[in-house]
Each structure stands twice: as structure tokens, then as C-alpha cells.
Q: 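Once you've had a glance at the structure underneath, I'll fire off some questions.
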Number of protein chains: 2
Amino acid sequence: MIQRKTKQRQAILQVVEAARRPLSPVEILQQAQHLLPALGIATVYRALGTMLQEGLLVPVDIPGQSPRYERAGLTHHHHCACTGCGQVFELEGCCYTGESAGIPAGFKVEAHDVILYGHCRSCQRR
Amino acid sequence: MIQRKTKQRQAILQVVEAARRPLSPVEILQQAQHLLPALGIATVYRALGTMLQEGLLVPVDIPGQSPRYERAGLTHHHHCACTGCGQVFELEGCCYTGESAGIPAGFKVEAHDVILYGHCRSCQRR
DNA sequence: CTTTTTTTGATAATAGAATATCATTATCAT
DNA sequence: ATGATAATGATATTCTATTATCAAAAAAAG
């Protein structure tokens, strides 16, 4: 699969790398359109697909929401999500010890996720 | 909203209460059809909706999957999900201490979730 | 600059889950 | 048992996210 260097992909990557939080495809589209107003949503999905394959990005899944994406290679961390506006933020570090009771016999844990839910500052007043 | 006692709702509630793990709407449909073969998916969704409102059930959200449901009132716990077959299992207790670094200023944490991912015994051999 | 081939953007198509519709059936109060 | 009305089941519809299509534009190579 040959990859050409296009303005669109550069803009998309730039937006994701500059973000301090994981972004959804639509958020990426909107922010990248500040750089390239004609950018289309299909291009965003295509770029996300190849960047995932290339290992430049990783998905961040929050239940009930479309997947977010953040740049790969960040130190191990988790996220918190605002129930009001849907924004997702990064946390630092991880409290998970690797031990849990009740794991079914034979189940091999390979990954884990911790998500905090709440309301962000702007959504407090409701 | 008046609630009549129907065979369908009894079967649905019975299936959820008997399950040792959270079930998706389709899983509930399939298992309840062992009791009531003519049961339709619309009835399952309707029953889940009212049972959620009544507080009989609570949703269990796993990223990228349709929501599961389990009976309400269980002690605080979390879940693990098999990446192979998609089954979700209950864990016991909770390791989350309530402290996390990097919470954005003004963000008020109201809930949290911990999910372990891996492969269950039957999905090991692949 | 020209040619070749990939990428783009607009939009149609698809897929999956959840909801709405409505004639029929079942429940409940009398 | 009967009548009023809620619930059901089959299916159509909606909704939303993602993918496919294809002519036009852009990138890379010569």
C-alpha cells in the first residue's frame, strides 16, 4: 500500500497530535477544516484507518460513543468522560494493580481500561 | 404508565436474574425464547426500557458492543470481556481508590468503570 | 511539463441497533 | 364472562456511523 503525502493527511495528523485529549472522527474533521475547509469526512475515516494500521494512532473506546483516537506511544494512562458534553479527557498514570477477584477460570487478562464519568467544569451548572 | 404482568416480562426478568453475567438484548431474546418461542425482539426492548425505569435492571456498557443488562442491587463490581466470543463476565469487588491524577480542573467524578479484556477459556486455543 | 496512479470529496449505499406502527391478543377490573 | 385498554409480534421505519463509488484533482516519477 503506497502512501502519498497529502495536505489532508498532514492536517489530520497535526490535529490529533496537537490535541490534549482523544478526538472523535467528527471532532477531527471539524478541527482539521480550520486548516483545510474543503476536507471531507470520508478522507478522515480513510486517514484514520491507515494511521491505525501504521501504528501512528490508537483507538480510545468509550461506551455509547463513537470511538476516539489519540496518538500512539503515550505512557500508559486512562480517560475520563463528561456525561454532559461528551468530551473525553486524559488522565495520568494508572491505579490498576493487575489483581482482581472473580476472574473466570481460564480467562487470560490481556488489557484493561479504567474510565471515570462525571461532569466537566462547563457542564456543572445544569 | 400501567404495568401488566405478562408471561413475556416474567420470562425476560427470569432470564436476566438467572444469568451470572450481563446479557445483551439479543442474548436475552434467545434465552427467553426457550421459555416462550414466539417472543419478539421488540418486546425485549420494551421490557428492558421499563425495567430500567423501574430500577430492576442496570445497563452494563462495554465499548464497541451493544449494551448489556444485569439485575440491579448487586454489590459494587466490574466486568471482564472476552475479545474472542464477546461474552462479558462479572468480577468481584473493586480496586479503584477514588484517586486519579490528571483530572481536569472543575471535573466532578460521579462514577467509574473498570473493564478487563482478554480471552476466556474456550477462546484460548486460537 | 506530461504521464501514471493515488487520493480526494460529494454523495450514495450499507449495516446494525433501536424505535414506531398497527392489527391482534392478553390482561385486569368489574 | 365482558368490556376497556395495555401488551405483543411482525415488520417497517428511523437513525447514526461507516464504507463504497466514481469523476475530478493532486502527487510522484520521468
Side-chain angles (χ1 to χ4, degrees), chain A residues 1-16 22-54 56-70 81 83 85-88, chain B residues 1-16 22-54 56-70 81 83 85-88:
Chain A
M1 180 205 305
I2 295 143
Q3 281 291 4
R4 290 184 177 178
K5 198 171 194 176
T6 67
K7 297 169 188 174
Q8 289 83 355
R9 288 191 192 166
Q10 288 174 312
I12 290 166
L13 195 55
Q14 184 178 328
V15 162
V16 176
L23 301 178
S24 69
V26 172
E27 286 176 322
I28 293 168
L29 174 69
Q30 291 169 340
Q31 297 197 22
Q33 281 180 336
H34 296 155
L35 306 171
L36 279 177
L39 185 66
I41 186 69
T43 301
V44 173
Y45 277 107
R46 278 186 290 238
L48 290 176
T50 59
M51 289 174 186
L52 282 172
Q53 284 193 317
E54 294 171 279
L56 291 173
L57 306 182
V58 295
V60 175
D61 285 316
I62 306 291
Q65 303 190 12
S66 72
R68 313 302 174 104
Y69 299 89
E70 67 184 11
T83 311
C85 61
Q87 278 191 110
V88 177
Chain B
M1 179 204 307
I2 294 142
Q3 279 293 3
R4 290 182 176 178
K5 197 172 196 175
T6 69
K7 296 168 188 174
Q8 287 83 354
R9 288 192 192 168
Q10 288 174 312
I12 290 166
L13 194 55
Q14 182 178 329
V15 163
V16 177
L23 300 178
S24 69
V26 172
E27 285 175 322
I28 293 169
L29 173 69
Q30 291 169 341
Q31 297 198 22
Q33 281 180 333
H34 296 156
L35 306 171
L36 279 177
L39 184 66
I41 186 68
T43 300
V44 172
Y45 277 108
R46 279 186 290 239
L48 290 176
T50 58
M51 289 173 186
L52 282 173
Q53 285 193 317
E54 296 172 276
L56 291 173
L57 306 182
V58 294
V60 174
D61 285 316
I62 306 290
Q65 303 190 10
S66 71
R68 313 304 174 103
Y69 299 89
E70 66 184 13
T83 312
C85 61
Q87 279 192 108
V88 177

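The chains referred to below are lettered A, B, ... by the order of the sequence lines, with proteins before strands, and numbering in each begins at 1.
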Q: Polar-atom pairs under 3.5 Å, protein N or O versus N or O of nucleotides 28-30 of chain C: list them with distances, or write none.
A:
from: C:dC28; atom 1: OP1; to: B:K5; atom 2: N; distance (Å): 3.0

Q: Contact list please: residues 28-40 of chain B against DNA chain D, heavy atoms, distance less than 4.0 Å, in numerical order.
A: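 Contacting residues: B:A38, B:L39, B:G40.
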Q: Who passes salt bridge (Lys or Arg N to Asp or Glu O under 4.0 Å) against B:E27, sequence neighbours left out?
A: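 Residues passing salt bridge (Lys or Arg N to Asp or Glu O under 4.0 Å) with B:E27: B:R21, B:R68.
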Q: Between B:P25 and A:I41, name the one whose nearest nucleotide on DNA chain C is closer to the 5' end.
A: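 The residue mapped nearer the 5' terminus is A:I41.
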Q: If every non-hydrogen atom of A:V88 is compared with every non-hydrogen atom of A:P22, which pair is closest and at what distance?
A: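 Taking A:V88 first and A:P22 second, the nearest heavy atoms are O-CD, 3.7 Å.
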Q: Does B:Q8 have a side-chain nitrogen or oxygen under 4.0 Å from the phosphate oxygens OP1 or OP2 of C:dA26?
A: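 No.
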Q: Atom CZ of B:R46 and atom P of C:dC22: how far apart are they, to the nearest Å?
A: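 Going from CZ in B:R46 over to P in C:dC22 covers 14 Å.
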Q: Does a side-chain heavy-atom distance below 4.5 Å link B:V26 with B:Q30?
A: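 Touching, per the 4.5 Å side-chain cut-off.
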Q: Roughly how far, to the nearest 0.5 Å, is CD of B:E70 from CG of B:L56?
A: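 Going from the CG atom of B:L56 to the CD atom of B:E70 covers 13.5 Å.
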Q: Give me the atom names and distance for the closest heavy-atom approach of B:V16 to B:I28.
A: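 For B:V16 and B:I28, the tightest heavy-atom pair comes out as CG2-CD1, 3.8 Å.
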Q: Test side-chain contact (heavy atoms from CB on, under 4.5 Å) on B:L13 and B:Q10; report intermediate values, then the result.
A: CA-CA 5 Å; B:L13 194 55; B:Q10 288 174 312; 6.0 Å; no
Q: Under 4.0 Å from OP1 or OP2 of D:dT18: is there any side-chain N or O of A:Y45 that close?
A: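 It does, given that an N or O in the side chain of A:Y45 lies less than 4.0 Å from OP1 or OP2 of D:dT18.
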Q: To 10°, what angle do the rotation axes through the five end pairs on each side of the helix from C:dC1-D:dG30 to C:dT30-D:dA1 form?
A: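 Computed angle between terminal axes is 40°.
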Q: How would you list, by chain and number, every residue that makes a side-chain contact (heavy atoms from CB on, under 4.5 Å) with B:L35, sequence neighbours excluded?
A: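 Per chain and number, B:L35 pairs via side-chain contact (heavy atoms from CB on, under 4.5 Å) with B:A11, B:Q14, B:V15.
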Q: Residues two or more places apart in sequence or in another chain: which of them pass side-chain contact (heavy atoms from CB on, under 4.5 Å) with A:Q33?
A: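 A:Q33 satisfies side-chain contact (heavy atoms from CB on, under 4.5 Å) with A:L29, A:L39 once adjacent residues are dropped.
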Q: Side chain of B:K7, heavy atoms from C-beta onward: which of D:dT21, C:dA17, C:dT27 has the nearest atom to it?
A: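 For B:K7, the side-chain atoms sit closest to C:dT27.
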Q: What is the distance from atom CG of B:L57 to atom CG of B:L23, rounded to the nearest 0.5 Å?
A: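 Taking CG in B:L57 and CG in B:L23, the distance rounds to 10.0 Å.
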Q: Output the distance between atom OH (B:Y69) and atom CG (B:L48), rounded to the nearest 0.5 Å.
A: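 Reported to 0.5 Å precision, the distance equals 5.5 Å.
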Q: Taking all heavy atoms of B:V44 and all of B:P25, pick out the closest pair and write down the distance.
A: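 B:V44 and B:P25 have their closest heavy atoms at CG1-O, 3.7 Å.
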